[in-house]
There are 2 protein chains.
Amino acid sequence: MIECSKCQRVESIMKAGFVRGKQRYLCKDCNYFFTLPSAQVPTKRKRHQTTIIDIARELGVSNSTVSRALHGHPDISPDTKKAILEAAIQLDYQPNQLAYSLVKSRSNTVGIIVPEFLTQFFPNVIVGAQGVLSRAGYHLMIMQSDESYETEVGNTRALLANRVDGLIVSMSHETNNYEHFQAFEKRGVPVVYFNRVCREIGTYKVVVNDYQGAFRAVEHLIANGYRRIAHLAGPRNLVISQERLRGYTEALQKYGLPVLPELTIHGDLTVEKARIYGRYLLELDHPPDAIFAVNDPTAIEILLLARAKGLRVPEQLGVVGFSDDSIAMHIGNGLTTVKQPTNLMGQTAAELILKLISEDEDTYPAETQVLETELIIRGSSVRGGR
Amino acid sequence: MIECSKCQRVESIMKAGFVRGKQRYLCKDCNYFFTLPSAQVPTKRKRHQTTIIDIARELGVSNSTVSRALHGHPDISPDTKKAILEAAIQLDYQPNQLAYSLVKSRSNTVGIIVPEFLTQFFPNVIVGAQGVLSRAGYHLMIMQSDESYETEVGNTRALLANRVDGLIVSMSHETNNYEHFQAFEKRGVPVVYFNRVCREIGTYKVVVNDYQGAFRAVEHLIANGYRRIAHLAGPRNLVISQERLRGYTEALQKYGLPVLPELTIHGDLTVEKARIYGRYLLELDHPPDAIFAVNDPTAIEILLLARAKGLRVPEQLGVVGFSDDSIAMHIGNGLTTVKQPTNLMGQTAAELILKLISEDEDTYPAETQVLETELIIRGSSVRGGR
DNA sequence: AACGTATCCGCAAACGTTTCCGATATTTTT
DNA sequence: AAAAATATCGGAAACGTTTGCGGATACGTT
């Protein structure tokens, strides 16, 4: 009944234990152990994507020939090339990027990690980056860390596993450890940081001149007669917070105004914290007459708080934000804000990463590109004269 | 000087033409043609990512054993498993997802194509989808068609080449041909359409009850005494436009108001067109007293136009939008709008695609999930009494 | 005619995994 | 103690590409 898979004999077969739940046999003649091949369960019909091999078989040529035809390699006659291309579209061939990437050890994909997706800022950057990358034949693998260090590490692991050729990243505000980013550079995968950068790593960065933007914003408030200017700052560990704080401080100093510690208060960029700290500021015994907020959502929250308290803006309270979110133009009489070139920032980061990918020597010196900001003056900060 | 690579003789070597620019030699003895192996240009030092094979070699085991240790396969002793895991972290091993996907012919990635990135809507959907997908161990490959049919086709090609396991898509408004989407289903890759769906394809969709949302919006306007209600509609080929138009029309009919063709005007969802058509509407001899816009950006543009013309909202003009963008809450006295469950829409689409991926039989019946909307009533549409 | 050259194509290795199945060694059962 | 079962491991094929190099012609030249 059972025949030896070597000698085809039937009489010399005996059972010989179990392997992985399957009966095992021994042919006494051949001294050969074997199990019966598992009955092919034909439930899952394998959906076949047509491959280069299919085309080759169809035309009776080798796969190398097909590959060459598909890539414009010179070593091929016009006739076969034409035939192969026709067969390719006739069989609806779609190249397998995975196999390609495996052999070339290059994925033509760059990863980007952003903290969140809900303000305008990061989507705008992504649009800018995607433009130049897709023109260069690269794809973008977008991940969001959700402002969590843990998921950020998970993101990097996924991108590493997918063998991205480069990484563009703006860190979560929880991030104080940079090993997961350095893992890329250790493997020769270039990294470009933008917006949320850190000082500890000296590599390629593209940022906005936060200091100057903040300085001008506060200077503008002073020019409009505000004298007791508070700063709703960002998380202490972020360079953007530090730089904007520095701009705030130095502008006050330049015009001889006191820098009062109680008027600088660190939040976490969210409106929830802004509501709490903003209320605190406005309910001080000696409240500020203007607030420079670290970003637009928090500035808007201040605006709403002021409205709720019956404070007139800009007469009793001046407000300036940062980023020029699309809401800024429309809220109240408009929110004065420091506009960042978001799209350009994405483009710049993308161009930088492309340059780093092509010159895979590390000859290229680390640099940080600083983009300029623009102060957009609206109703929230200009009071009549003075 | 030149020695045969077969018999090592030197004397019987003669030149024999050129191949690809390289001198070719013939050994008379062996009758063997050969060229000199190209001098290894050692410029590009190959950066090696440590592989399973490295670990195997390090420990003197086979790669199958390493693979088993890394995946919790039972056929392995605790000792070797421990040793392998330690070697893996010591060598800083990162699995190669590409090779994995190649052999499993499954990428653990689903693609998503959206028309744009600049309104809140699609990022919100993406956040929702990404949540459930990442919990299920899947990654999201995000692409934007930029409202262009061409780039949409390019996007699908890229996703196909990357062998995504499923596709979630909201079509560009240029799209009238669906072959590039059907290519996925032809290959057994499930597709879920959302928001911008078409009637021609009967597959899995998740949409919002646009009809009902529009109906209620217009009903609300009527209840607030508006009688000459215009509709700034979307592109004719989009189902969402058609459904919202239908809701508008039927609401008018229900309350015995005439449906005037000159008060329905089709735009393309952009503010630029909205500005033109909105101005046209407001400058009619007999202008409308309310406008129901197909989305929030265009509704806001109407609001701005009204403000510029000195029209009082809501007294002289009622306005209702669609989507509840984050600006809607803040502009003027607030924009009444039909809120869409964007995050939920992403979640639903993702859950659906996961279900379709797992049951790779086509047993699962095509269905379209309809989510409910909510009318958010704000200042732009409620006038005192009547 | 004889040789040098150009053109075109196939073979096979490599990329990094997974997985089936056979081979031992070890333990348990009878 | 022989036989049966179990526990571990290795070999090798497979996934779909690319590519270096050799082989076989065809096409020139003298």
Side-chain angles (χ1 to χ4, degrees), chain A residues 5-6 14-26 31-38 46 48-56 60-71 73-81 93-106 161 163, chain B residues 5-6 14-26 31-38 46 48-56 60-71 73-81 93-106 161 163:
Chain A
S5 17
K6 247 190 187 134
M14 53 179 305
K15 298 190 174 182
F18 275 80
V19 182
R20 275 172 293 267
K22 288 169 57 180
Q23 181 59 255
R24 181 197 228 195
Y25 301 94
L26 168 63
N31 195 35
Y32 177 69
F33 287 95
F34 62 93
T35 60
L36 260 16
S38 47
K46 199 161 191 103
H48 186 69
Q49 308 253 112
T50 94
T51 78
I52 272 190
I53 305 180
D54 295 324
I55 302 180
V61 299
S62 77
N63 20 348
S64 21
T65 305
V66 178
S67 174
R68 279 190 274 257
L70 262 28
H71 289 78
H73 192 283
D75 273 12
I76 194 166
S77 78
D79 291 345
T80 42
K81 181 170 181 176
Y93 169 74
Q94 287 288 346
N96 188 327
Q97 171 76 24
L98 278 59
Y100 175 87
S101 299
L102 185 59
V103 46
K104 304 279 281 190
S105 49
R106 180 159 45 89
R163 296 294 189 269
Chain B
S5 17
K6 245 188 189 137
M14 53 183 305
K15 298 191 175 181
F18 275 81
V19 182
R20 275 171 295 266
K22 287 169 58 180
Q23 182 62 254
R24 183 195 229 192
Y25 301 94
L26 168 63
N31 196 35
Y32 178 68
F33 286 95
F34 62 93
T35 59
L36 258 19
S38 47
K46 199 165 192 97
H48 187 68
Q49 308 254 111
T50 95
T51 78
I52 272 190
I53 304 179
D54 295 325
I55 303 179
V61 298
S62 77
N63 18 347
S64 21
T65 305
V66 178
S67 174
R68 279 190 276 259
L70 261 29
H71 289 78
H73 192 282
D75 274 14
I76 194 166
S77 78
D79 291 345
T80 43
K81 180 170 181 175
Y93 169 74
Q94 288 288 345
N96 188 326
Q97 171 75 25
L98 277 58
Y100 176 88
S101 298
L102 185 59
V103 44
K104 305 278 280 189
S105 48
R106 179 160 45 90
R163 295 296 189 267

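We use all heavy atoms of the structure for the numbers below, so side chains are in, but hydrogens, waters and symmetry mates are not. Letters go in sequence order (proteins before strands), and every chain restarts at 1.
- Here the straight-line distance linking atom CG of A:L70 with atom CZ of A:R68 works out to 12.0 Å at 0.5 Å rounding.
- In this structure, the side-chain hydrogen bond (donor to acceptor under 3.5 Å, both in side chains) partners of B:S77, at least two apart in sequence or on a different chain, are B:T80.
- Between B:A99 and B:T65, the one whose closest nucleotide on DNA chain C sits nearer the 5' end is B:A99.
- Side-chain contact between A:T51 and A:N63 is absent, with no heavy atoms from C-beta onward closer than 4.5 Å.
- A:N96 places its CG atom 13 Å from the C1' atom of C:dC15, with the value rounded to the nearest Å.
- Of all heavy-atom pairs spanning B:Y93 and B:T50, the tightest one is CD1-O, 3.2 Å.
- Side chain of A:H73 to backbone of A:D75: a donor-acceptor contact under 3.5 angstrom is found.
- Backbone-only contact: B:T80 has heavy atoms under 4.0 Å from sugar-phosphate atoms and none from a base.
- Taking atom CD1 of residue B:I76 and atom P of nucleotide C:dT19, one finds them 14 Å apart after rounding to whole Å.
- Distance A:D79 CG to C:dT7 P: 15 Å, rounded to the nearest Å.
- Below the 3.5 angstrom threshold, one finds no donor paired with an acceptor across the side chain of B:R163 and the base of D:dG16.
- Distances shown here put every side-chain N or O of A:S67 at or beyond 4.0 Å from the OP1 or OP2 atom of D:dT17.
- For C:dT19, one of the phosphate oxygens OP1 or OP2 lies less than 4.0 angstrom from a side-chain nitrogen or oxygen of B:K104.
- Under the 3.5 Å distance criterion, with hydrogens and angles disregarded, a donor-acceptor pair is assigned to the side chains of B:T65 and B:S62.
- We find that CG of B:D54 is positioned 13 Å from C1' of C:dT17, with the value rounded to whole Å.
- In this structure, CG in B:L98 is found 12.5 Å from CZ in B:R163, a value given to the nearest 0.5 Å.
- At the phosphate of D:dG10, OP1 or OP2 sits under 4.0 Å from a side-chain N or O atom of B:S62.
- At a threshold of 4.0 angstrom between heavy atoms, the contacts of B:S77 are confined to the sugar-phosphate backbone, with no base atom among them.
- Within the 4.0 angstrom heavy-atom criterion, only backbone atoms of the sugar-phosphate kind lie near B:T51; the bases stay farther away.
- A sub-4.0 Å separation between OP1 or OP2 of C:dT19 and a side-chain N or O of B:Y100 is absent.
- Between B:G60 and A:L70, the residue anchored nearer the 5' end of DNA chain D, judged by the nucleotide with its closest heavy atom, is B:G60.
- Atom OG of B:S67 sits about 11.5 Å away from atom CD1 of B:I53, to the nearest 0.5 Å.
- Counting to the nearest Å, the P atom of D:dT18 and the CD1 atom of A:I53 are 11 Å from each other.
- The residue B:S64 sits close to a base: some heavy atom pair falls under 4.0 Å.
- The interatomic distance linking B:N63 (CG) with C:dA14 (P) rounds to 14 Å, in whole Å.
- One interatomic measurement links the two molecules: CG of B:D75 to C1' of C:dT26, which rounds to 14 Å at whole-angstrom precision.
- Going from atom CG of B:L102 over to atom P of D:dT17 covers 9 Å, rounded to whole Å.
- Between B:H73 and C:dT19, a side-chain N or O to OP1/OP2 separation shorter than 4.0 Å is absent.
- Side-chain proximity of A:R68 to the nucleotides C:dT17, D:dG20, C:dC20 is greatest for D:dG20.
- Between the two ends of the helix from C:dA1-D:dT30 to C:dT30-D:dA1, each summarised by a five-pair axis, the helix axis turns through 50° (rounded to 10 degrees).
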